[in-house]
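Structure first, commentary second.
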Amino acid sequence: MLVTAKHVLRGNNWKESPGDKAVHIGGSWVYIGQNNESLFSAKNHDLAAIYMDEFPLKRCLPSANLALRPLDARVVTIGGYLARDFKRAGNVLRPAPHIYSNRRLGMRPGLVGLHYPKRRNIYTATGEPAVTSIPSGLSGCPMMDTIKLVSNQISILGVFTSQDDGKAWGVESNILRALLAAF
């Protein structure tokens, strides 16, 4: 299963076709959702899942990595690739991983949030101020429990979907667990 934000597959206007999107697997591009019947989405949430037989199972995370109590986490980490890194330099893409961590933020039920102040961050290595980029392109990426991640454990709290006004949020893992159970 590929799990992501629904707007990643459908576009911000909800009119794009998932069949026009592709991922790079095993040295070639594989188009997602050419058969839209295999696309499942959570009602009232920006969350989607789709079968991807092309993914090697050894690289997939089991559903046991979904946090049972996502709001127990005190610090949240989002990890993925920023959209700006997918701009072409000649004929080559040069994406690099982007990781952002901050304190968990209380949100309405079904969402997990974290503080995302654009101008009040610091570089942990130097203590100097850092201007954080807008996490454009991180939509659909996992939101993880940072404390467990530092301990070499993966506990997915949710799927990142949006940010605004110093806050970032996503659909919590309980909603994702229910979506996967519906298959």
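Being a predicted model, the structure only gives us computed values, none of them experimental.
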- Audit row: K21, Y31, side chain to side chain contact (heavy atoms under 4.5 Å, CB included) steps and yes/no: CA-CA 6 Å; K21 313 290 171 126; Y31 283 87; over 6 Å; no
- Message: Checking one residue: L111. Which other hydrophobic residues are in its cluster under the side-chain 4.5 Å linking rule?
- Response: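 Besides L111, the cluster holds L105, M107, W169.
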- Message: Below 30° counts as parallel, above 60° as perpendicular, anything between as tilted: where do the rings of F40 and Y51 land?
- Response: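 Ring orientation, 0 to 90° scale: perpendicular.
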Please give me the minimum heavy-atom distance between [X] and [Y], naming the atom from each residue.
| X | Y | answer |
| --- | --- | --- |
| C141 | G79 | CB-O, 3.1 Å |
| T4 | G140 | OG1-CA, 3.3 Å |
| A49 | V3 | CB-CG2, 4.2 Å |
| G158 | V112 | CA-CG1, 4.1 Å |
| S155 | K148 | CB-CD, 3.6 Å |
| V76 | T146 | C-OG1, 3.1 Å |

Following the transitive rule for hydrophobic clusters with a side-chain heavy-atom cut-off under 4.5 Å over Ile, Leu, Val, Met, Phe, Trp and Tyr, establish whether [X] and [Y] coincide in one cluster.
| X | Y | answer |
| --- | --- | --- |
| I78 | V8 | no |
| V30 | L9 | yes |
| V75 | M143 | no |

Donor-acceptor contact below 3.5 Å, side chain [X] vs main chain [Y]:
| X | Y | value |
| --- | --- | --- |
| S17 | G19 | yes |
| S139 | A5 | no |
| N102 | L114 | no |

What donor-acceptor contacts under 3.5 angstrom involve side-chain atoms of residues 174-183, with partners at least two apart or in another chain?
{"from": "N174", "atom 1": "ND2", "to": "E172", "atom 2": "OE2", "distance (Å)": "3.0"}
{"from": "R177", "atom 1": "NH2", "to": "L66", "atom 2": "O", "distance (Å)": "2.6"}

Would you compute the distance between atom [atom1] of [X] and atom [atom2] of [Y] and round it to the nearest 0.5 angstrom?
| X | Y | atom1 | atom2 | answer |
| --- | --- | --- | --- | --- |
| F160 | Y116 | CZ | OH | 7.0 Å |
| L61 | I156 | CG | CD1 | 5.0 Å |
| H7 | L47 | NE2 | CG | 11.5 Å |
| R10 | K15 | CZ | NZ | 13.0 Å |
| N65 | Q153 | CG | CD | 10.0 Å |

- Message: Tell me which pairs pass salt bridge (charged side-chain N to carboxylate O under 4.0 Å, His left out) where either residue lies in residues 62-78, with sequence neighbours left out.
- Response: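 Every pair satisfying salt bridge (charged side-chain N to carboxylate O under 4.0 Å, His left out) with a residue in residues 62-78: R69-D72.
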